[in-house]
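These values consider heavy atoms only, across backbone and side chains, with no hydrogens, waters or symmetry-generated copies. In the text below, chain A, chain B and the rest are named by the order of the sequence lines, each starting its count at 1.
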2 protein chains.
Amino acid sequence: MVSLPLIKVTLNEVLITKKNDITIKEISKLSGTSKSTVSRVLSGTGYVSTEKRQAIEKVIQETNYRPNMIARSLQSKQTKTLAIILPDVSNPYFIGLIEEIERVSEGYGYTLILINTMSTGADKVKASDDPEIKALHTVQEKQVDGAIIIGGEIDHVKVSSQYLKTLNQLNKHIPIVIIGQKIADCDVIFVQRHINTGMRLIVQHILSLGYRKIGFLGGKPGVQVTEQRLAEFKRLADMYTNYSDNNVLLNDYYLKDGYQGIEQLLDQSDLDAVVAINDRVALGAIRRLHELGKIVPNDIAIGSADQFPDSDYYIPSITTIDQHNNSLGKIAVEQLIRSFNSQPLLTVQSDLPDLVIRESCGENK
Amino acid sequence: MVSLPLIKVTLNEVLITKKNDITIKEISKLSGTSKSTVSRVLSGTGYVSTEKRQAIEKVIQETNYRPNMIARSLQSKQTKTLAIILPDVSNPYFIGLIEEIERVSEGYGYTLILINTMSTGADKVKASDDPEIKALHTVQEKQVDGAIIIGGEIDHVKVSSQYLKTLNQLNKHIPIVIIGQKIADCDVIFVQRHINTGMRLIVQHILSLGYRKIGFLGGKPGVQVTEQRLAEFKRLADMYTNYSDNNVLLNDYYLKDGYQGIEQLLDQSDLDAVVAINDRVALGAIRRLHELGKIVPNDIAIGSADQFPDSDYYIPSITTIDQHNNSLGKIAVEQLIRSFNSQPLLTVQSDLPDLVIRESCGENK
DNA sequence: AAAAAATGTGGTACCGTTCCCACATTAAAG
DNA sequence: CTTTAATGTGGGAACGGTACCACATTTTTT
């Protein structure tokens, strides 16, 4: 099959003068002063005569000079850069967080390095090939001022000891914030959600509507968020319904997991309501049910424990929990900044998760 | 209202030893050699005796030493860093691109700096406050090796001259790739899609199903992609249907634009099919129609010109165009790398956009 | 009017690397 | 057994800034 030229790239003949940027030395020459004086003008500290200041500013203007942050960082030992490490940028949960972290960092004058660990195609042969450990190495090498880690290895119930060792080692040199549940033997700063509250809200809502045959769908086994939500689900289900392990199916967090999982779950158990781990899984399930001729919520109710964007536009719209995830991003950055300034970290207060009642669980049964 | 403590942050008493990283000098001292020899071991170039090499490697191992990339960058004049500048990370079109760009960059040994220009709350008072110009300044200061720009100012039909000036100036020093439609007086590398083909495919599909009263919904006026798609739509609609300007409503790219827009569009014109600018707008429209008691596609067909993830799970699933957006990310990075190596840029070939037939346009009318 | 303080300016060491060069030493070639 | 080549090693300049210090000039205080 011949593929036609679709993507056009303009061949440009422009010679790119690589990094021949103007330096502070040249500014001083052009303005008839010294490096020191230019530096003083740049930083706005120390004494500079109005005369020289204006001359220097004029030259800076004309030459489009901008200080070289690399040189500055080498001297000052700070890069004004934060790193964010996460396993999957395309996950809506992370996207909101990235956006928020970027926004807040920018406000404090920090630039963001993005490391997507799932992106690595490398096989996990040597420990140094582990993309998550590699990410920590990058953080160290690039001399970032602080790092935020979300999900991935540290989110597992059992964290690899090699990873934990590297993490603790790194944390001696640069402050690290983890957005996730606290783990033992790890002295980094944790910013965590109250997982249980959200799960309780959605289960109680479903119970209040009269459903008593409730299942649990999705989430990767061995991951903290999954296991904690499941534990809370079990606790409540045990209390108020006829709970059985057949009511639970764990696989993963994606659309396809809801899509494939719902069928299997209904095969192994007779249910009238299902709590999905998040809106994506819920959507997958709803879609599959639709194809099987079952209407949500009339034939079966689907609730979700974690709101993702857009789910209010689905048909049916999804009854879910707003975990106020994005606020975690702001807090994470702020704790990092406090840490830079040797300010004590605060125990932050925030709104509780909210139940968002929409269509997918229906009205009273 | 009292807000209960939800987010817990562990107060850690660990003193963070700021950036007292071990240096090459200390490695040389500990191993009884010189800076030069250590450097040679690190880079794997030049002559080093097996004896000394092993001694040095042992010390490196024990001390968890990692070379300081900042110092290295200052000397080598390359940072092994790329910047990606875009207006809105939460836009699904951009997310796929970010993921792909990160993946490919990582493969080439480059780290990614993420700059989200819409995130800035700053008012556009002075030109230097313009977040997009500020982003270019960051790129210059951070000495990145190359930058990729997607959307935003350069995607407008009329680009601000101040911005264009800054962009061209920057491009003299570092290679820039723009993923978007070519604009005049701009010598950066462009990677562009064939917008028209996709629009033609979806319109032809809708025509082939028998619809003749076709509208166009969504997209920000003044933005190239919108205007080009609209122009192609008009051309085809003029040819095969009874076209009127009332059949078109432009607003923006988001869910709410489809949601609000569809009602207004149907008020001003009697339509039996609508092409939305992308799947998000399509979903918004479908949701609103659902609330108004109109079934898609039975009462009205909704097609889309740009596929976003997940839209195959919607009810109804959306008939759309796969623009193969993600491949643009790979190409962008590769052109940048070629540019670093002074290799000529290639006119890349790629698959044509594909029509993805699903449910929202129905079968034959 | 002299002393003290405030203001203004350039020189130089340093940050942690790499790279070039000079100098040893050993091995191979004549 | 000398000459040349290959191998091995450390010293020091450079990258582009900042920060400290010494010194010169002006202004203020006593």
Side-chain angles (χ1 to χ4, degrees), chain A residues 17-57 59-60 63-81 140-145 173-174, chain B residues 18-57 59-60 63-81 137 140-145 173-174:
Chain A
T17 351
K18 277 205 101 180
K19 297 279 176 68
N20 66 342
D21 287 328
I22 207 154
T23 72
I24 212 171
K25 200 171 165 186
E26 288 161 80
I27 298 291
S28 70
K29 234 179 264 174
L30 289 170
S31 60
T33 58
S34 70
K35 278 188 354 173
S36 310
T37 308
V38 177
S39 177
R40 257 175 259 126
V41 169
L42 250 31
S43 64
T45 62
Y47 299 112
V48 181
S49 64
T50 338
E51 209 177 341
K52 295 224 168 193
R53 161 167 283 117
Q54 286 173 347
I56 290 168
E57 278 169 350
V59 175
I60 289 178
T63 52
N64 289 307
Y65 168 80
R66 294 247 141 206
N68 181 329
M69 283 290 288
I70 296 295
R72 190 177 269 181
S73 295
L74 185 60
Q75 162 70 25
S76 69
K77 291 178 167 304
Q78 53 167 323
T79 50
K80 284 290 185 177
T81 302
Q140 186 181 350
E141 290 169 355
K142 294 274 177 171
Q143 311 288 121
V144 301
D145 296 334
H173 302 301
I174 77 160
Chain B
K18 278 206 100 179
K19 298 279 176 70
N20 67 342
D21 287 329
I22 206 154
T23 71
I24 214 171
K25 199 171 167 186
E26 287 161 79
I27 298 291
S28 71
K29 236 179 262 173
L30 289 170
S31 61
T33 58
S34 71
K35 281 187 349 177
S36 309
T37 309
V38 177
S39 177
R40 256 175 259 128
V41 170
L42 251 31
S43 64
T45 61
Y47 298 112
V48 181
S49 65
T50 338
E51 211 176 343
K52 294 226 168 191
R53 161 168 283 119
Q54 286 172 347
I56 289 168
E57 277 169 351
V59 175
I60 288 179
T63 52
N64 290 307
Y65 168 79
R66 295 246 140 209
N68 182 327
M69 284 290 289
I70 297 295
R72 191 176 269 181
S73 294
L74 184 61
Q75 162 70 26
S76 69
K77 291 177 167 302
Q78 53 167 322
T79 51
K80 284 287 185 179
T81 302
H137 287 159
Q140 186 181 351
E141 290 170 356
K142 295 273 178 173
Q143 310 289 123
V144 301
D145 296 334
H173 302 299
I174 77 160

**Prompt:** Do the side chain of B:Lys35 and the base of C:dT17 come within less than 3.5 angstrom through a donor-acceptor pair of N or O atoms?
**Reply:** yes

**Request:** Using heavy atoms to find the nearest nucleotide of DNA chain C for A:Ala71 and B:Leu42 separately, return the residue whose nucleotide is more 5′.
**Result:** A:Ala71

**Request:** Test for a donor-acceptor pair under 3.5 Å between the base of D:dG10 and the side chain of B:Arg40, counting only N and O atoms.
**Result:** yes

**Fill in**
Quick note, B:Asn68 side chain, CB onward, closest among D:dT9, C:dT17, C:dT9 is C:dT17

**Message:** Checking the side chain of A:Ser39 only, and the main-chain atoms of A:Lys35 only, is there a donor and an acceptor separated by less than 3.5 Å?
**Reply:** no

**Complete:** The answer to which of B:Leu74 and B:Thr45 contacts DNA chain C further toward the 5' end, by nearest nucleotide, is B:Leu74

**Item:** A:Tyr65, nearest nucleotide to its side chain (from D:dG17, C:dG16, C:dG8)
**Value:** D:dG17

**Prompt:** Can you find an N or O donor on one side and an acceptor on the other, under 3.5 Å apart, linking the side chain of B:Ser36 with the base of D:dG11?
**Reply:** yes

**Prompt:** How long is the line joining CZ of B:Arg72 and P of C:dC15, in whole Å?
**Reply:** 19 Å

**Request:** Choose from D:dA14, C:dC14, C:dT9 the nucleotide whose nearest atom is closest to any side-chain atom of B:Gln75.
**Result:** D:dA14

**Message:** What's A:Thr33 touching, base or sugar-phosphate or nothing? Going by heavy atoms closer than 4.0 Å.
**Reply:** sugar-phosphate

**Asked** What's the verdict on side chain to side chain contact (heavy atoms under 4.5 Å, CB included) for B:Ile27 and B:Thr63, showing C-alpha distance, side-chain angles and the deciding distance?
**Response** CA-CA 8 Å; B:Ile27 298 291; B:Thr63 52; 3.5 Å; yes

